[in-house]
Amino acid sequence: MAKIQAIRGMNDVLPGQTPAWQYLEQVMRDLLSAYAYQEIRFPIVEQTQLFKRSIGEVTDIVEKEMYTFEDRNGDSLSLRPEGTACCVRAAEQHGLLYNQTQKLWYMGPMYRHERPQKGRYRQFFQMGVEAFGMAGVDIEAEILLLSRDLWERLGIADVLTLEINNLGTSEDRVRYGEALKDYLMQHHDALDEDSQRRLGKNVLRILDSKSPVTQEILLGAPKLPDFISPESSASFTQLLVILQHAGIACQVNSSLVRGLDYYNGVVFEWTTDKLGAQSAVCSGGRYDGLSKQLGGTNTPGVGFALGMERLILLLEELGRLPAEISCSVDLYISVIGEGVRQQALLLANEIRQTMPRLRVLTHCGGGKYNSQLKKAYASGARCALVLEGETELTEIKMRVLDDSGETTTLSPASVCDSLSGFFNK
């Protein structure tokens, strides 16, 4: 009988890999706490209509990538492909947006059925930050400062570049979309199939086309900056000035429009050249109309999301993960003889209560001394306690797990004091 395997593109995170995840998660939590952002959690499954109305029906995510199914009641449900729409839905449903400002964050798995590749999976984890009820450039600057501070805490700020653009108001986008459509209609037959289909429904998505022929046609197309209102341009300039004073270098990329329909105003991506084709590590922008689009109140919104797998890959590629996170054990307790198993468990419990930050692994299952010693060294622990006795505890030894193998005999009453002195020196 064939072994059951994990679903392609949905990966297990094994014990040897989880310390890197825990490190990244803790750095994120500490930073978000420093900025006074609050955590929100929402379901993995949502009504399909939530994503059709927010992301847009004529997008790769909705058309090709969502995991969508009918439940037993005949309702169309989807595994969440991204978090912003879910966050807006949850905040609106529970009255968090009515005459209030909110600074929220979330972390968890998202799902898209696409071709798995390095750093891009069908189940992937995101951390997202969303701020509601604030319309000025100050919150946009704070969001970008927060992301920059994360790169600095992780030690990767030197390999990330901020690309930024201004999509203007919704009216600006409509005017630009009409001009772009008029131009592309003149080249309809030369466009790739996807672009032809999007021409009548979401023309700005054609700017994201991967077709070289379509990209060549776009070289002569109207340019978005020519359609941005003076007010929106002034706000964008103000943001760039704040970023300059904050020491955040950025590149204005007028082709950056983001792949989701709900964005307006400022959009941005943090990119790197250290991960091959998957250059975007973090993406975001402003989406003032999304709440109303989902049936709620007209609420300003801005945020970003980052892929945690890509960040971990980047940290590993650059060797920026702290060496100490790989150690999951401080003390290994070896048990030699049937008569000391109970004493070993009780002693381990006493040590954990006395020194709660110490990571103590008790050997279970018996075995010879040399076999247990090998496991003690393999665990990465700094020292081992060896308890011996066939009918009762006769001896406790503390062995340093390095090349010296220094061994000291301890009395039961002095174990905790000796360990405290060893780990605190």
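What you see below is based on every heavy atom in this structure, not just the backbone, and it leaves out hydrogens, waters and symmetry mates.
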Between the side chains of [X] and [Y], is a donor N or O closer than 3.5 angstrom to an acceptor N or O?
X: Ser414; Y: Asp417; result: no
X: Asn264; Y: Ser170; result: no
X: Gln49; Y: Arg53; result: no
X: Tyr287; Y: Glu130; result: yes
X: Ser147; Y: Trp270; result: yes
X: Ser279; Y: Thr271; result: no
X: Thr169; Y: Ser229; result: no
X: Gln26; Y: Asp30; result: yes
X: Thr299; Y: Thr297; result: yes
X: Ser291; Y: Glu92; result: yes

Please examine the side chains of [Y] and [X], heavy atoms only from C-beta on, and report whether any two atoms are closer than 4.5 Å.
X: Val137; Y: Glu140; value: yes
X: Met10; Y: Tyr121; value: no
X: Trp21; Y: Ile312; value: yes
X: Gln196; Y: Arg198; value: no
X: Leu419; Y: Val415; value: yes
X: Leu345; Y: Val335; value: no
X: Phe125; Y: Arg310; value: no
X: Leu79; Y: Phe51; value: no

In sequence, state the C-alpha distance, the side-chain angles, and the governing distance for Arg352 and Thr362, and then conclude on side-chain contact (heavy atoms from CB on, under 4.5 Å). CA-CA 11 Å; Arg352 293 187 186 103; Thr362 305; 3.6 Å; yes
Just how far is it from atom [atom1] of [X] to atom [atom2] of [Y], taken to the nearest 0.5 Å?
X: Leu150; Y: Leu31; atom1: CG; atom2: CG; result: 6.0 Å
X: Asn298; Y: Leu290; atom1: CG; atom2: CG; result: 11.0 Å
X: Leu224; Y: Arg175; atom1: CG; atom2: CZ; result: 10.0 Å
X: Gln372; Y: Ser379; atom1: CD; atom2: OG; result: 12.0 Å
X: Glu70; Y: Arg72; atom1: CD; atom2: CZ; result: 13.5 Å
X: Lys181; Y: Leu199; atom1: NZ; atom2: CG; result: 6.0 Å

side-chain contact (heavy atoms from CB on, under 4.5 Å) between Trp151 and Leu311: does it pass, once the steps are laid out? CA-CA 10 Å; Trp151 315 143; Leu311 266 185; 3.8 Å; yes
[X] side chain to [Y] backbone, donor-acceptor under 3.5 Å:
X: Asn166; Y: Gly168; value: yes
X: Gln38; Y: Ser33; value: no
X: Arg112; Y: Pro81; value: yes
X: Gln123; Y: Gly9; value: no
X: Thr101; Y: Gly133; value: no
X: Thr48; Y: Ser76; value: yes
X: Asp192; Y: Asp194; value: yes
X: Arg286; Y: Pro300; value: no
X: Glu82; Y: Ala85; value: yes
X: Gln215; Y: Lys210; value: no

Salt bridge present between [X] and [Y] (N-O < 4.0 angstrom):
X: Lys274; Y: Asp158; value: no
X: Arg41; Y: Glu39; value: yes
X: Lys103; Y: Glu142; value: yes
X: Arg120; Y: Glu114; value: yes

Nearest atoms (heavy-atom pairs only) where [X] meets [Y]:
X: Arg80; Y: Pro109; answer: NE-O, 2.8 Å
X: Cys416; Y: Ile351; answer: SG-CG1, 4.2 Å
X: Val159; Y: Thr272; answer: O-OG1, 2.9 Å
X: Arg341; Y: Gly365; answer: NH2-C, 4.0 Å
X: Ser283; Y: Glu269; answer: OG-CG, 3.4 Å
X: Leu361; Y: Val329; answer: CB-CG1, 3.9 Å

Inspect the surroundings of [atom1] in [X] and state if more than 12 heavy atoms from other residues, nucleotides or ligands are less than 6.0 Å away.
X: Tyr98; atom1: OH; result: no
X: Glu406; atom1: CD; result: no
X: Leu219; atom1: CG; result: yes
X: Lys223; atom1: NZ; result: yes
X: Gln47; atom1: CD; result: no
X: Gln17; atom1: CD; result: yes
X: Asp403; atom1: CG; result: no
X: Leu346; atom1: CG; result: yes

Please identify which of these residues, Leu243, Asp149, Val302, meets the side-chain contact (heavy atoms from CB on, under 4.5 Å) condition with Leu144. Leu243
Test side-chain contact (heavy atoms from CB on, under 4.5 Å) on Leu315 and Ile156; report intermediate values, then the result. CA-CA 7 Å; Leu315 290 167; Ile156 56 174; 3.7 Å; yes
Derivation of the side-chain contact (heavy atoms from CB on, under 4.5 Å) call for Leu96 and Phe132: CA-CA 9 Å; Leu96 302 183; Phe132 300 113; over 6 Å; no
Side chain to side chain contact (heavy atoms under 4.5 Å, CB included) filter on Leu145, not counting sequence neighbours, yields Tyr35, Arg148, Ala246, Ile248
Tell me whether the NZ or CZ atom of Arg382 lies within the 45° cone about the ring axis of Phe422 and under 6.0 Å from its centre. yes
